[in-house]
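Just so you know, these numbers come straight off a predicted model, no measurement behind them.
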Amino acid sequence: MNSRLYNELTTLNINLHNKITCPKGGTFHLHDTYEVLFLISGDVSYFVDNNTYPLKYGDLVITNTSEIHTPIFLSSETYERIIFHFSPELAKYMSTPDYNLEKCFIDRPNGKRNKTALNDCQITKFMDFYRKIRLLNSDLDKGNTVVKLCKLTELMVFINN
């Protein structure tokens with residue numbers, strides 16, 4: 001792994017959990033990273049490239065680097081989410097010749113198939129990935145950076161499947 005990807009991995013997804021009380025209007029934006037958003041709570045829809053997705057607990061939203069997006073707050077209810085960001089380069093690094101972890105981000109038209117409603121079993125599995133990665137972020141010594149890479153890879157396989 002080159003030093004740029006290693007530095008990304010060690011600083012990546014340190015602030016996974018956001019809770020916003022009395023949210024105001026979102027701002028349209030793009031990232032140079034892929035984004036995976038898991039909704040915990042909020043009266044919110046999510047706009048992605050001319051498509052608006054109503055969200056509920058357990059919904060997963062993915063965006064690629066060319067999809068403009070923003071939350072649309074429908075009330076002042078607390079907005080709580082878990083969010084992962086990672087570069088296309090890191091996704092390529094985690095992929096193999098027969099399994100491309102970027103597929104869910106790039107193998108679809110922009111603004112289409114961004115939202116997936118997870119079932120209870122999938123929610124439990126996603127939350128397990130989140131807890132493990134959050135715990136690893138607190139101590140990236142003694143091989144935990146390698147374990148974090150493994151957990152991110154597992155998360156991406158889960159999302160692609």
Side-chain angles (χ1 to χ4, degrees), residues 1-2 4-5 8-9 11-20 23-75 77-130 132-134 148-161:
M1 173 179 284
N2 69 40
R4 191 173 53 75
L5 285 181
E8 177 186 349
L9 183 61
T11 60
L12 187 69
N13 300 314
I14 298 299
N15 298 311
L16 294 169
H17 182 246
N18 302 100
K19 188 174 188 176
I20 304 166
K24 304 290 186 240
T27 305
F28 292 99
H29 61 280
L30 292 170
H31 305 281
D32 59 356
T33 57
Y34 296 140
E35 179 177 298
V36 176
L37 178 143
F38 175 86
L39 184 72
I40 297 172
S41 69
D43 187 13
V44 63
S45 292
Y46 214 75
F47 173 90
V48 183
D49 264 19
N50 294 320
N51 230 339
T52 303
Y53 301 95
L55 298 184
K56 64 182 184 354
Y57 171 75
D59 284 346
L60 199 66
V61 178
I62 61 170
T63 57
N64 65 37
T65 58
S66 62
E67 289 176 307
I68 191 163
H69 57 279
T70 190
I72 300 169
F73 302 111
L74 306 173
S75 75
E77 184 180 319
T78 298
Y79 173 56
E80 190 172 3
R81 69 187 182 174
I82 295 168
I83 196 160
F84 288 91
H85 287 268
F86 48 91
S87 70
E89 292 77 21
L90 186 58
K92 283 181 181 84
Y93 179 82
M94 294 186 293
S95 296
T96 63
D98 64 333
Y99 200 87
N100 182 1
L101 292 174
E102 292 183 285
K103 184 175 178 149
C104 64
F105 296 98
I106 61 175
D107 193 18
R108 59 178 176 73
N110 278 359
K112 304 290 184 196
R113 299 189 322 264
N114 297 87
K115 178 186 126 178
T116 301
L118 301 182
N119 64 36
D120 289 343
C121 181
Q122 292 168 324
I123 290 169
T124 299
K125 194 166 191 159
F126 180 88
M127 292 303 290
D128 188 47
F129 287 124
Y130 159 71
K132 287 177 180 171
I133 292 168
R134 188 184 71 193
K148 182 179 178 182
L149 178 64
C150 293
K151 288 298 163 197
L152 284 170
T153 304
E154 285 182 66
L155 174 65
M156 290 309 305
V157 170
F158 169 77
I159 291 168
N160 272 279
N161 287 338

For this session: Step through the shown structure and confirm whether more than 12 heavy atoms of other residues, nucleotides or ligands are within 6.0 Å of NZ on Lys56.
Result: yes

Exercise. Restricting to pairs with a member in residues 66-75, which pass salt bridge (charged side-chain N to carboxylate O under 4.0 Å, His left out), not counting sequence neighbours?
Worked result: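 Counting only pairs at least two positions apart or across chains, the salt bridge (charged side-chain N to carboxylate O under 4.0 Å, His left out) contacts touching residues 66-75 are Glu67-Arg108.
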
For this session: Give every residue pair that meets the salt bridge (charged side-chain N to carboxylate O under 4.0 Å, His left out) criterion with at least one member in residues 114-130, sequence neighbours excluded.
Result: Asp59-Lys115, Asp128-Lys132

When you measure from the side chain of [X] to the backbone N and O of [Y], does any donor-acceptor pair fall under 3.5 Å?
| X | Y | answer |
| --- | --- | --- |
| Asn114 | Thr63 | no |
| Arg113 | Asp107 | yes |
| Asn64 | Ile106 | no |

For this session: Decide yes or no on ring-ring contact (aromatic ring centres under 6.0 Å, His included) for Phe86 and Phe105, but give the supporting numbers first.
Result: CA-CA 12 Å; Phe86 48 91; Phe105 296 98; 5.8 Å; yes

For this session: Take the angle between the ring planes of His31 and His85 and call it parallel below 30°, perpendicular above 60°, tilted in between.
Result: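 Correct class here is perpendicular.
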
Exercise. Where does the angle between the aromatic ring planes of Tyr130 and His17 fall among parallel (under 30°), tilted (30 to 60°) and perpendicular (over 60°)?
Worked result: tilted

Exercise. In chain order, what residues pass the side chain to side chain donor-acceptor pair (under 3.5 Å) check against Ser75, with sequence neighbours excluded?
Worked result: Asp43

Problem set entry | Under the side chain to side chain donor-acceptor pair (under 3.5 Å) test, residues paired with Glu154 that sit two or more places apart |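 Scan of Glu154 (side chain to side chain donor-acceptor pair (under 3.5 Å), adjacent residues dropped) gives Lys151.
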
Counting C-beta onward and ignoring hydrogens, is there a side-chain heavy-atom pair between [X] and [Y] closer than 4.5 Å?
| X | Y | value |
| --- | --- | --- |
| Leu30 | Thr65 | no |
| Leu149 | Leu90 | yes |
| Tyr46 | Asn51 | no |

For this session: Please identify each residue that fulfils side chain to side chain contact (heavy atoms under 4.5 Å, CB included) with Pro97, with sequence neighbours left out.
Result: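 Partners of Pro97 under the side chain to side chain contact (heavy atoms under 4.5 Å, CB included) test: none.
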
Seminar exercise, completed: Applying ring-ring contact (aromatic ring centres under 6.0 Å, His included) to Tyr99 and not counting sequence neighbours gives none

